[in-house]
Amino acid sequence: MKQKSLFEEMANNNTTKKHVNEPLPFDCLAIDIEATGKDPVSDAIVGISLCKEKGIAYYVPIRHHKANNLNDALPILKEVLENQSISKIGHNLKFDILMLMQEGIYVQGDLYDTMLASYLLDPNSQNHGLEEVSIKYLNHRKRAFSDILGPHKTFAEVPLEEAIKYAAEDAELAFELKEILFKKIDSEGLRSLYFNIEMPLIFVLAEMQQTGIKLDIDLIIDLSKELERELSLLESKIYNLAGKRFNINSSQQLSKILFEELGLKTSKKTKTGYSTNVSVLEQLSIYHDLPREILHYRSLYKLKTTYLDTLPNLVNKKTGRIHTSFNQTITATGRLSSSEPNLQNIPIKGELGTKIRQAFIAENGSVLLSADYSQIELRILAHMSKDKGLLEAFQRGVDIHSKTASEIFNVPTEKVTSELRRIAKTINFGIIYGISPFGLSESLGISPKEAATLIDSYFRRHNGVREYIEKTIKDVRKSNYVITLLGRKRQIPEINSTNSNTRQQAERIAINTPIQGTAADLIKIAMISISEELKKKKFKTKMLLQIHDELLFEVPNEEVEEVTKIIKNKMESALSLSVPLEVDIKLGKNWAEVK
DNA sequence: GGCGTCACG
DNA sequence: ACGTACGTGACGCCG
């Protein structure tokens, strides 16, 4: 009964174009899609729940088993969902938008995403699920999905009576959460960050996920077979060197062999024993052949299991492409993350890295275009610290690492060797991480004392950076939070901890977060403006991936010239800083060629 | 499910 | 004396 009346109201909405003076019967609608699974590209809609006022919610079965499905519901819903004047409320709306896209429905209007709101209010929280957020803000314990699903294979098989209760509750919770969370968004000064960046980004990410990227499966499978052979040779070699067979993938068993049976010296400890990580095994390779072979084995095994053996299985049967998930509510700094598969950590180093990237290809008639920000985080540091040396370096366009080397080691720029530059580069990274003598020493393989000397000489030449760090930490001690250029907040209560380790870690976070977070804000702005421009001018170019400081596009040959200009221009002008932003653009048939 | 390890920025 | 570089995700091991 209730379902019908809502549909009547919705149908009325269709006529509002003719009666512009009549107010819409509702301007805000909470939606929640139930589907056969959680992969919006492969799975299908089972039903949609709706809520437009507190206390009343509806469930519209679309493909529910053994139910009176409302077959004509989607066309009616389409009118409402594509109505720009009706705001959509939901928890993780990117999922709903993607599911609806499969039905030819393109959601429009303002989005009030309660998951995103929860994230902006507390990016440190690991869990922004509807369940947790409802407990936190509504003190309401919602029905668990696993209880509803029970033995059923998909939600479609859950008896309608049960399904209605569950689905309708979710839409209503989102509706209620919206009131509370978006008041908080306003009072915390997060409104503009939400409406100008995170909300429009939802559409951009949805489209990127929907597009996916093409993979040369045969190449990946050939590589996997090649590694299979190489690994089996290495395996025998390792057993010979160890004098016995063991599970090479067990760091525990390896530890026994290295440190007990072969009597090699331990260096680093872990929570559970002695470390056998890269830096330890590199040290040990001087004394024995086994560690080097283990390193070789591990690197191959990693690439084979993590990439070669999994990527082919993730090629979507319908689209023939790989569709990652871009997560907007995971990182504490404001970055995106990518999962299932993670396409933000595809290997790049070495011959094998190149070979793997060669398998990510453009469609026939198109090329891949990679656009990456050059030294974005150091430029942001220059802007925020107003350090004279850094500002001048970027304004003059010099090689920043060489300049740092020249300063620290007191040699003319022409005499900076690649070794000195490498050290300077590590220091520059270290500054952004919230440098510590120990951290730098570990990374450079020198003593903490030597590291401290290097840090000291850096700060002697960069007073602005030193003062910026000191002021940032001082401010955080009072406010307990840091903020990015676009107003993204991260609480750091540990800044006043009595435990010095905890406190120092908080200080490093306080330095790093505004820099990493502002870079994240920046590229998000660029993504939105590029996406708008491509849409406006009706280009067929597709944005495929974001890898923190890089965007990857698939560009039809005939669009390359124009689109290159747009991308470069939009990225370089996304924010106006006191240093120029530089973007490098490269083209190629595959992802290896664009580097 | 925690841990160690290692792929990326 | 302690134990640290910042931010992620995925794999295999082990209990």
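Throughout, protein chains are lettered first and strands after them, A, B, ... in sequence-line order, and every chain is numbered starting at 1.
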query = Which residues, if any, of residues 254-282 of chain A bring a heavy atom under 4.0 Å of DNA chain B?
reply = A:T270, A:K271, A:T272, A:S275, A:T276, A:N277, A:V278

key: Set of side-chain hydrogen bond (donor to acceptor under 3.5 Å, both in side chains) partners for A:N240, sequence neighbours left out   = none

query = Can you name the side-chain contact (heavy atoms from CB on, under 4.5 Å) partners of A:T404, sequence neighbours left out?
reply = A:I400, A:I408, A:A424, A:N428, A:Y458

ask   = Between A:E407 and A:R460, is the closest basic N to carboxylate O distance under 4.0 Å?
value = no

note = Between A:E340 and A:G430, the residue closer to the 5' end of DNA chain C by nearest nucleotide is A:G430

inquiry  = Test of understanding: with side-chain hydrogen bond (donor to acceptor under 3.5 Å, both in side chains), list the residues that count as partners of A:E340, not counting sequence neighbours.
reply    = none

message = Tell me which residues in residues 290-307 of chain A lie within less than 4.0 Å of DNA chain C, going by non-hydrogen atoms.
response = A:Y301, A:K302, A:T305, A:T306

inquiry  = As a test of reading the structure: which of C:dG7, C:dC13, C:dG15 is closest to the side chain of A:N512, going by heavy atoms?
reply    = C:dG7

message = Quick check for you: name the first and last nucleotides of DNA chain B, 5' to 3', having an atom under 4.0 Å from a heavy atom of chain A.
response = B:dC3 to B:dG9

inquiry  = Under 4.0 Å, heavy atoms only, any strand: does A:E377 hit a base, just the sugar-phosphate, or nothing?
reply    = nothing

Greater than 12 external heavy atoms within 6.0 Å of A:K471's NZ = no

inquiry  = Please determine whether a side-chain nitrogen of the Lys or Arg among A:E131 and A:R141 lies less than 4.0 Å from a carboxylate oxygen of the Asp or Glu.
reply    = no

request  = Apply side-chain contact (heavy atoms from CB on, under 4.5 Å) to A:S443 and list each qualifying residue two or more places apart in sequence or on a separate chain.
outcome  = A:T426

request  = Examine distances only and state if a side-chain atom of A:E494 and a backbone atom of A:T502 form a donor-acceptor pair shorter than 3.5 Å.
outcome  = no

ask   = Looking at residues at least two apart in the chain, or sitting in another chain, which of them share a side-chain hydrogen bond (donor to acceptor under 3.5 Å, both in side chains) with A:K225?
value = none

Contacting residues from residues 478-500 of chain A, given that a heavy atom lies under 4.0 angstrom of DNA chain C = A:R490

ask   = In whole angstrom, what separates A:F438's CZ from C:dA1's C1'?
value = 13 Å

request  = Please identify each residue that fulfils salt bridge (charged side-chain N to carboxylate O under 4.0 Å, His left out) with A:K94, with sequence neighbours left out.
outcome  = none

request  = Please name all residues satisfying side-chain contact (heavy atoms from CB on, under 4.5 Å) with A:I213, sequence neighbours left out, ordered by chain then number.
outcome  = A:I322, A:L343, A:F360, A:L544, A:L545, A:L552

query = Mind checking the P distance from B:dC6 to C:dA1? Whole angstroms is fine.
reply = 30 Å

query = Is a salt bridge present between A:K237 and A:E293, judged by a nitrogen-to-oxygen distance below 4.0 Å?
reply = yes

ask   = Roughly how far apart, to the nearest Å, are B:dC3 and C:dT4 at atom P?
value = 12 Å

key: For DNA chain B, stems built from three or more consecutive Watson-Crick or G-U wobble pairs below 3.5 Å   = B:1-9 with C:6-14

task = Could you give the distance separating C:dA5 and B:dG1 at their C1' atoms, to the nearest angstrom?
result = 27 Å

